[in-house]
Amino acid sequence: MVERPSGLVLADIGSIPRRLNEFAWEPLGPGVELSPLYQDAAGNTKLALLRYAPGATVPEHLHTGMEYIQILAGAQQDERGVYYAGTLLVSLPGSRHSVASPEGCVALAVWESPVHFV
């Protein structure tokens with residue numbers, strides 16, 4: 001990742017799943033890790049990598065702003081379906097769901113504002 005005054009550049013995002021050791025990871029929940037790539041002045045993570053261990057879940061949460069999830073490897077699912085590598089998911093403000101990854105996955109996440117766990 002290259003940080004520039006006008007923004008960030010993530011070159012070759014398709015190779016990220018092969019380079020996971022290059023990122024700093026912190027626990028987000030049981031079996032789910034987060035690697036923050038950008039935080040706003042208030043400390044809210046706006047851009048991050050998510051790594052799900054096989055069988056990991058994220059409980060139901062409410063989106064207070066737009067959320068964009070790009071599945072880079074593996075698959076995740078919610079109440080609407082199963083999403084494989086190459087899929088871009090967009091959750092609208094006011095939407096809610098829970099997430100599971102039976103086989104594990106790596107995703108790039110962009111949040112307009114924090115989510116609230118129900």
Side-chain angles (χ1 to χ4, degrees):
M1 181 177 73
V2 177
E3 190 167 345
R4 297 184 176 167
S6 61
L8 303 171
V9 176
L10 285 171
D12 193 17
I13 64 170
S15 73
I16 287 174
R18 296 186 303 276
R19 301 183 291 118
L20 295 178
N21 61 337
E22 296 176 17
F23 300 92
W25 297 93
E26 56 191 57
L28 179 65
V32 183
E33 296 175 294
L34 175 132
S35 180
L37 302 176
Y38 177 76
Q39 294 179 324
D40 65 14
N44 296 311
T45 299
K46 298 293 194 170
L47 175 67
L49 292 173
L50 298 172
R51 178 167 57 181
Y52 290 72
T57 62
V58 174
E60 185 178 3
H61 53 279
L62 170 69
H63 294 279
T64 60
M66 298 286 286
E67 175 192 70
Y68 306 90
I69 301 287
Q70 173 74 50
I71 308 299
L72 302 176
Q76 69 174 222
Q77 62 191 46
D78 66 10
E79 295 80 3
R80 297 170 292 186
V82 179
Y83 314 104
Y84 298 95
T87 303
L88 176 65
L89 303 166
V90 179
S91 294
L92 302 175
S95 64
R96 57 174 66 198
H97 65 149
S98 57
V99 179
S101 184
E103 69 180 67
C105 77
V106 177
L108 179 66
V110 179
W111 295 282
E112 181 179 36
S113 58
V115 299
H116 293 287
F117 289 96
V118 177

Selection residues 76-95 - residue pairs positive for ring-ring contact (aromatic ring centres under 6.0 Å, His included), sequence neighbours left out = none
Just grab all the ring-ring contact (aromatic ring centres under 6.0 Å, His included) pairs involving residues 47-81, residues at least two apart or on different chains.
-> His61-His63, His61-His97, His61-Phe117, His63-His97
[X]: partners by side chain to side chain donor-acceptor pair (under 3.5 Å), with sequence neighbours left out:
X: Gln39; value: Thr45
X: Thr87; value: none
X: Glu26; value: none
X: Asp12; value: Ser15

Could I get the full list of side chain to side chain contact (heavy atoms under 4.5 Å, CB included) partners for Ala42, not counting sequence neighbours?
-> Asp40, Asn44
Can you list every salt bridge (charged side-chain N to carboxylate O under 4.0 Å, His left out) pair that touches residues 47-63, not counting sequence neighbours?
-> Glu33-Arg51, Glu60-Arg96
Nearest heavy-atom pair of Ser98 and Pro59: which atoms, and what distance?
-> CB-C, 3.9 Å
May I have all residue pairs that pass side chain to side chain donor-acceptor pair (under 3.5 Å) and include part of residues 107-118, sequence neighbours excluded?
->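 Residue pairs passing side chain to side chain donor-acceptor pair (under 3.5 Å), neighbours aside: Thr64-Ser113, Glu67-Trp111.
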Sequence neighbours left out, what passes salt bridge (charged side-chain N to carboxylate O under 4.0 Å, His left out) with Glu22? Give chain and number order.
-> Arg19
Are Ile16 and Leu108 close enough, and set up right, to give a side chain to side chain contact (heavy atoms under 4.5 Å, CB included), and what steps lead you there?
-> CA-CA 9 Å; Ile16 287 174; Leu108 179 66; 5.6 Å; no
